[in-house]
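Worksheet: one structure, shown below.
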Amino acid sequence: MPKVTIREERCKACGLCIHYCPKGVLGPSEKFNAKGYHPTEVKHPEKCIGCTICAQVCPDQVFEVYR
Amino acid sequence: MPKVTIREERCKACGLCIHYCPKGVLGPSEKFNAKGYHPTEVKHPEKCIGCTICAQVCPDQVFEVYR
Amino acid sequence: MSTETMKKVYSIPESLRNRPHHYCPGCGHGIVLSIVGELVDELGVRDRAVGIAPVGCSVFLYEYYDFDCVQAAHGRAPAVATGLKRANPDLFVISYQGDGDLAAIGTAEIIHAANRSENFSTIFINNAIYGMTGGQMAPTTLLGQKSQTTPYGRNPNTDGFPVRVCELLNSLEGPYYLERVCVATPQDRVKAKKAIKKAFTYQLEGKGFSLVEVLSQCPTNWGMSVLDSVKWVKEVMAQTFPLGVFRDKGQQK
Amino acid sequence: MSTETMKKVYSIPESLRNRPHHYCPGCGHGIVLSIVGELVDELGVRDRAVGIAPVGCSVFLYEYYDFDCVQAAHGRAPAVATGLKRANPDLFVISYQGDGDLAAIGTAEIIHAANRSENFSTIFINNAIYGMTGGQMAPTTLLGQKSQTTPYGRNPNTDGFPVRVCELLNSLEGPYYLERVCVATPQDRVKAKKAIKKAFTYQLEGKGFSLVEVLSQCPTNWGMSVLDSVKWVKEVMAQTFPLGVFRDKGQQK
Amino acid sequence: MGKKILMKGNEALGEGAMRAGMRHYFGYPITPQSEVAAYLSKHLPKRGGVFLQAESEISAINMVYGAASAGRRVMTSSSSPGISLKMEGLSYLVGSELPCLIGNVMRGGPGLGNIAPAQADYFQAVKGGGHGDYHIIVLAPTTCQEMFDFAVMALNLADKYRNPVMILSDGALGQMMEPVVIPDEVPIEEYDKSWALTGAKDRPPNVVNSLFLDEKELEEHNIKLQEKFKRIEENEILYSEYRTEDAEYLFVAFGLVSRIVHSVVDLARAEGIKAGLLVPKMLWPFPKDRIAELAEQCRFLMSVEMNSGQMVEDVRLAVNGRRPVYFYGRMGGGVPAQRRVLEELKSHIEGGTK
Amino acid sequence: MGKKILMKGNEALGEGAMRAGMRHYFGYPITPQSEVAAYLSKHLPKRGGVFLQAESEISAINMVYGAASAGRRVMTSSSSPGISLKMEGLSYLVGSELPCLIGNVMRGGPGLGNIAPAQADYFQAVKGGGHGDYHIIVLAPTTCQEMFDFAVMALNLADKYRNPVMILSDGALGQMMEPVVIPDEVPIEEYDKSWALTGAKDRPPNVVNSLFLDEKELEEHNIKLQEKFKRIEENEILYSEYRTEDAEYLFVAFGLVSRIVHSVVDLARAEGIKAGLLVPKMLWPFPKDRIAELAEQCRFLMSVEMNSGQMVEDVRLAVNGRRPVYFYGRMGGGVPAQRRVLEELKSHIEGGTK
Amino acid sequence: MADKVGTVEFIIAGFGGQGVLFIGRALAFAGLARDVNVSFIPSYGPEMRGGTANCKVVVSDGEVGSPIVEEPDVLIAMNRPSLERFVNTVKPGGTVFVNSSLIENEVERGDIKAYRVPFNELAREAGAERVANLAALGAYVASQDFFTLEDMEGAVKEMVKGKRVELMEANLKALRAGYDFVRNLA
Amino acid sequence: MADKVGTVEFIIAGFGGQGVLFIGRALAFAGLARDVNVSFIPSYGPEMRGGTANCKVVVSDGEVGSPIVEEPDVLIAMNRPSLERFVNTVKPGGTVFVNSSLIENEVERGDIKAYRVPFNELAREAGAERVANLAALGAYVASQDFFTLEDMEGAVKEMVKGKRVELMEANLKALRAGYDFVRNLA
Ligand SMILES: Cc1ncc(C[n+]2csc(CCOP(=O)(O)OP(=O)(O)O)c2C)c(N)n1
Ligand SMILES: Cc1ncc(C[n+]2csc(CCOP(=O)(O)OP(=O)(O)O)c2C)c(N)n1
Ligand code: SF4
Ligand code: SF4
Ligand code: SF4
Ligand code: SF4
Ligand code: SF4
Ligand code: SF4
Ligand SMILES: [Mg+2]
Ligand SMILES: [Mg+2]
């Protein structure tokens, strides 16, 4: 099953990945990261198709994608 | 009768006036001017038609043309 | 299934250092950074690459690229690139400039490097603003756009017109390849990467000067949300700066 | 018939001082000097004219014009003109630049003044060489042309291509009027004067930026006789720099 | 009377210049002086003036050259690297005797450095960073109020002497906010501007120029300039003193640092050390006579600067060997800490006045 | 042995640099240094080098920055106004510790000035015309032979210290012809260049940079630079002396002027006046210790320069009040005449050493 | 309410977006209104963008000497790095305000007074997390007797005039919430 | 032919096109060939173009001190302004060569030796008016006994090598014509 991992300390909560993920896999977390942002988290891992779109639009190199 | 006068001390003997005068009025003088050039002189005053071409092509504002 | 047995299909490029950068949330610079890293990996040129960091929001590029780098004075990246490449033609030189850097203070340098068709690649980030200094008018600021130094909106009568860099350079004989792209959507990002790859490849083939202009969102200084900013790139900015290939000598043949 | 009773149909313009200048024999600068003087007379603007002398063979313009003048740093005439005109829009500002001045060191200044459509007139003397400094390559030097710094002829691979200024500026929105002329023959001289008159008139009408490029012989540094040099302008130079109107917003309407 | 408002130093600089009749600003963005431009882009148009963001610092200084030629009160501002780019233009301005105001809000160097406050452009400002023999008047404010007041003074002095005047401040002074009293009336001095380019109507043409190809002419021109510089040196000295009457140890410090040293003097006095402070508020001309005078009464002098030791050379030249002159400085944006300066003072007292 | 040929100073500069391994020249035309470029445009391509006429002085110095980053021996040259335009770039070069050679063939200033020889860019070269705390090594040749020799030395020193080196000459030295001995072998010193940008193959990436946003880092960087400058000051002093053994009056002069004063010393000695001459051949670091030493034996010192009095400040700082230090100078391209200098000397002797 | 303020030196520090400069400017404005001398100096960075920010404020009856505060009387630390960086510079006898919403650490010095206040929570309750800075300002006001709550309300009103008036209410609410929180500690 | 030259200082001056720098360089080349010390310094101007030009040459057995000749031993004046400008700087006992083709004035100083030679006419006879400078050089050579005519011919051949060889013959003819003219005066 395709899968993404998130290096949450790099995330700046810009929302681009959430917006462009074709499957609605991602969403903002409640907690703060060390930079003071609410980082993206994987809300629906089962939906991920490993398309790498999140990784591509992420300006902060947060994602690793596995297929 | 049309006529040109030459301020010979300004002339640098470039030859443009002589070349472009449609009537062959002008030619180089034998003598030196203060700058060390052989200035243009009026060789055939009778041929001048006062067209001002000499004055226009002269880079050194040497001519006055009368008609 | 554990990640070990899976194929990693995306991770941070090896040509980038694994450390966070200082770009604002959603900034286009960050996306282009990934693209450059991916391509240096793909083309296998990391060990002869030299990155040029300009003065602007991308001033710290040398901390993000994991290859040799030089920091250039404001606007002078094309001159520094020229010096590097002339000194050692084996180097793979990636020049990177913002719109204030390239189209204002560095106008002469980019025009003459392009005119000499110096054999390096320029990535030109057009975000219609001076990002790093806090949002002053750039040569590329749109008409009517407010900025710190056009508080009443850019007025062509006093502030001039947005400078279209691809069009300007296209009037010269020197450039080999000129294209304008953006990174507003995943599709745009694919095109942008293709364009930059072409520029890099031409350099490796010794073809001469290439420039890829990237319309790039600056949510911070545009005073917009990130999502509004990418929309604005596509819907507003691209009106003034049409996307497309302006010159590709490689295709003419 | 004595000259007293005759009509003087040509004499040195009143807007020029009656003193010899230092241009070389046959130099195009001298012819353009007459044209400017004649036009300032004809348009009656001597008492609000400000001439800008650039660095180059025309550096002493302030000694030839009989009106207010300022000497500008190399390449910066457009900036000085901008300052003058913004400070006092009633002034009639004649900027004058050589090709090294305008198209090399002053590239950024002319492009941005044109892009802001600053309301002054630029006369641009293209003689394909650095005249004053003794004949180095100019941005406009032709391919293959020898100069002090291209002893083996200008080579596009190392020295770039001749920069076509009218074409370059024509890629901007700002300029109101751009034309290229020459002063090689009496007929060309008539056209050149007409073009410069148009530029001046547009300034008086507040239309914005105009530039007239004059292909101008430099017999000294071309190492030619004066007559060969005017022939070369027409037969060789005009191949690379075609004469004509590139932009005339006044005619578009 | 006027009103008292809270302003950034950079804003006070812009406001002061406008109050003194400056209506033409040409500049290029750079931190930490951006607020000058931001402020003026907002306010100049309202007062019928021109704000123009130039394509570069070089272009800006040459626009200043043009507007000054036209006889207008004009200014530009920048910070260290941007000021370096203006060196050719500055030399031209002096050579052509054009008045104008240049603000340098100094930052850390060399090169790109950083944007922290620094004083490392002292030599550039005072000894002449451009080519040729020249001087500009250099004012060194210490408060936001002085940013305002000195802008007014600068424009007056510039016109008086037909010479550029620089306000040499730093990132901290530019960025900090303090109350500034804006007087209802600002003393604008009027000087002859018949040399300006206004069109040769009913007068012979005017020429603004720094080219004198003939060596004799250029030498005469230089002699004329040097005479002017001498006149300025005679007329225009500006400094303040603090607890110097009986000072045995004299600090010399300018700009922001002078405020730190001011506090150090109090700390020292509290410990019974008779310290005093001279603050040059004009760096060129330099208050050398007064420093020489005070040197007589002191055991030693100490220059405190945010650089590697620049003004200290002028202090040494003034003291001319009469007394030891020590130096303490921080570089790269570091600000001298009060306790550290005090220690430094004490170490020299203990070390004896070698 | 080498061969002896008649060369212009400017050509000797170019030839010397080529012999020392300089293969990359970037410059922009300006009188009176044009022959450097003319010469190199002809000869560099023959030796496999790159001659590039840049679009401006600014571009040229930044091309130098690029080529120096790549680890090459590289140079640029210009004259006064053109050098002013390089001030930002120069500060960057020092900040990034890049070696290179910069030739300034000085002309009359300020502004456009003229093209006659002058020495009015001394302060700019020696005190730092650019922003920030920095120094460059400044060599001052006096003959065409030294134009050649110092070019070699400059490129060696630049690599040794990773610092720009300037050859400060003037229009007369650049334009004059003298026999120059070109040795068959030129002493090229090799220094570590592992810092250069050659591609990060089998090593961690190299970075050439002058940005240190953090104040502490920039201060550390500056301290490192200052330590280097100190090392240079300790190791690299260069001067010559003429009839100083028993001199009661010490002239100090550099460059072309030193040759005039050399003749003055003979004139003075012929009249029984014990004059001597010290010629700094390196202006930074300055031979201050030797001058201080000689000051002890002299009644006074006199600096002769083609400017309004610049090096004299360094002489005064060296002498530190021990003896009077007088100045005689010409400006704007005027060259001091021997008789005039002698008169000046005598006037001070007669006036007493006030 | 006291008539004299003496000399009080502040350092206010936090993340880039936490509005620490606003706190500093508000103090300066309030001081100006009360006719004492003030200075405000931001640590300015190219980082418009996250990162950290701080500012230094001096309020004094006399002339302000150095505006560069080395040893503050009052530290307001909006996040953990700020607390760690500055806590040891506080003058003995000084005061620290710690944003307990984001900072778990305790203040270990015994010679200064520490207030732990959950600024983010207070702000959220007041209507918007981003006005946590106002809660901090309110907390400070409650701890001394020169500036009154009205002084600060006046300064805040002056400063947000025109722009972002929509936030005004949340601002004032948070200010008061911070004030009340500290008053209730006493 | 003498072995030693002592120290001889020259000023050579004329119009821009008269080739005065050529004379100076020829002297320097000849000096180098004879293994004495030389310096040559042109007055360089932006005027490639008419105007006046001059150069200064020092030839010496010893080191050349100042290359800037203030008081020449020898003045070669190719036109009138040059004579007027420099004649009074010539050292007592010095020599002046006056181009009598273009200069009507007499040299009024009694303490220097003056040769009036029609350089332009001599050159015209030699084949080209523009080689008048060579006639002047020849005239100088005839007036002293260090440099020989062969020295100068060697220098001239060296200098015009390659370019303008077509002028070589006229050059050498004019050199000899100037030389003969002065020798015949004696
Ligand atoms: C000579 C000089 N002038 C000005 C600056 C200040 N400065 C730093 S970045 C910048 C502009 C950046 O804008 P841009 O090039 O558009 O890049 P962005 O930050 O938008 O990516 C300026 C003007 C400088 N560092 N040096
Ligand atoms: C900053 C600076 N750089 C270089 C020069 C030297 N310089 C004087 S004129 C000139 C070029 C002139 O060429 P161009 O502009 O083509 O004018 P032309 O003489 O051909 O009419 C140069 C490079 C200078 N004076 N200032
Ligand atoms: S890989 Fe594709 S589907 Fe999976 S999270 Fe990323 S964008 Fe969504
Ligand atoms: S795109 Fe990257 S930085 Fe932006 S929210 Fe997603 S993970 Fe975070
Ligand atoms: S006016 Fe015409 S005809 Fe007469 S001389 Fe001039 S060109 Fe010839
Ligand atoms: S055109 Fe003028 S300068 Fe040329 S030869 Fe004729 S008169 Fe003389
Ligand atoms: S200011 Fe703009 S361009 Fe700069 S990092 Fe932030 S979003 Fe990007
Ligand atoms: S050098 Fe050329 S451009 Fe200059 S005056 Fe002579 S002919 Fe004219
Ligand atoms: Mg930008
Ligand atoms: Mg030209």
Side-chain angles (χ1 to χ4, degrees), chain C residues 14-17 22 40 44-56 59-93 95 105-116 118 120 132, chain F residues 22-26 28 44 49-76 85-93 95-96 98 100 130-131 195-214:
Chain C
E14 301 208 343
S15 298
L16 300 187
R17 294 177 201 237
H22 69 286
V40 171
V45 290
R46 187 190 155 278
D47 63 6
R48 55 192 185 107
V50 177
I52 303 187
V55 173
V59 70
F60 291 119
L61 270 182
Y62 59 85
E63 296 198 346
Y64 312 148
Y65 289 159
D66 194 33
F67 43 82
D68 281 7
C69 281
V70 52
Q71 202 291 317
H74 190 32
R76 319 307 174 190
V80 173
T82 298
L84 271 164
K85 193 80 189 188
R86 293 287 186 118
N88 185 354
D90 291 337
L91 297 176
F92 176 75
V93 177
S95 184
I105 192 169
T107 308
E109 284 75 10
I110 195 68
I111 284 188
H112 287 276
N115 186 55
R116 288 188 308 266
E118 298 290 344
F120 63 83
M132 164 157 266
Chain F
M22 184 281 294
R23 286 294 176 276
H24 297 85
Y25 175 92
F26 304 94
Y28 187 80
L44 266 175
V50 171
F51 169 88
L52 201 165
Q53 182 178 312
E55 59 273 20
S56 71
E57 289 86 353
I58 292 187
S59 204
I61 194 80
N62 284 286
M63 289 172 183
V64 165
Y65 189 94
S69 300
R72 299 294 192 254
R73 289 200 158 184
V74 53
M75 83 173 278
T76 186
L85 287 170
K86 295 181 196 279
M87 286 301 116
E88 188 204 22
L90 192 54
S91 175
Y92 269 76
L93 284 159
S96 298
L98 290 175
C100 66
H131 60 286
W195 49 265
L197 307 184
T198 54
K201 193 175 177 133
D202 308 323
R203 61 158 171 75
N206 283 338
V207 174
V208 169
N209 173 40
S210 66
L211 170 66
F212 299 89
L213 202 61
D214 182 272

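We name chains A, B, ... by the order of the sequence lines, and we start the count at 1 in each one.
The side-chain heavy atoms of R17(C) and P205(F), taken from C-beta on, include a pair separated by under 4.5 Å. Within the 4.5 Å cutoff, no side-chain heavy atoms of N209(F) are placed close to those of V70(C). Using a 4.5 Å heavy-atom threshold, the side chains of R48(C) and L197(F) count as separate. Counting heavy atoms from C-beta outward, E109(C) and I58(F) have side chains that approach closer than 4.5 Å. M63(F) is not listed as a side-chain neighbour of K85(C), based on a closest heavy-atom distance of 4.5 Å or more.
A distance of 9.0 Å separates CG of L213(F) from NE2 of H22(C), quoted to the nearest 0.5 Å. Note that CG of D90(C) and OG1 of T198(F) are 11.0 Å apart. Values are rounded to the nearest 0.5 Å. Between atom CZ of residue R86(C) and atom NE2 of residue H24(F) there is a gap of 9.0 Å, rounded to the nearest 0.5 Å. Note that the CD atom of Q71(C) and the OG atom of S96(F) stand 7.0 Å from one another [nearest 0.5 Å]. For the atom pair CD1 (I111(C)) and OG (S59(F)), the distance works out to 12.0 Å, reported to the nearest 0.5 Å. Note that the CD atom of E63(C) and the CG atom of L211(F) stand 8.0 Å from one another [nearest 0.5 Å].
Residue contact with chain C, scored on non-hydrogen atoms closer than 4.5 Å, is absent for V64(F). There is no contact between A60(F) and chain C, counting heavy-atom distances below 4.5 Å. Heavy-atom distances place no part of I61(F) under 4.5 Å from chain C, backbone and side chain included.
Between D68(C) and R203(F), at least one side-chain nitrogen of the basic residue sits less than 4.0 Å from a carboxylate oxygen of the acidic one, meeting the salt-bridge criterion.
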Run S69(F) and L84(C) through side chain to side chain contact (heavy atoms under 4.5 Å, CB included) and show every step you take. CA-CA 7 Å; S69(F) 300; L84(C) 271 164; 4.2 Å; yes
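Chain F forms more heavy-atom pairs under 4.5 Å with one residue of A77(C), A72(C), A79(C) than with any other, namely A79(C). Note on N115(C), I52(C), V45(C), D66(C): by heavy-atom pairs under 4.5 Å with chain F, the leading option is D66(C). For the set A113(C), A81(C), A108(C), the entry with the most heavy-atom pairs within less than 4.5 Å of chain F is A108(C).
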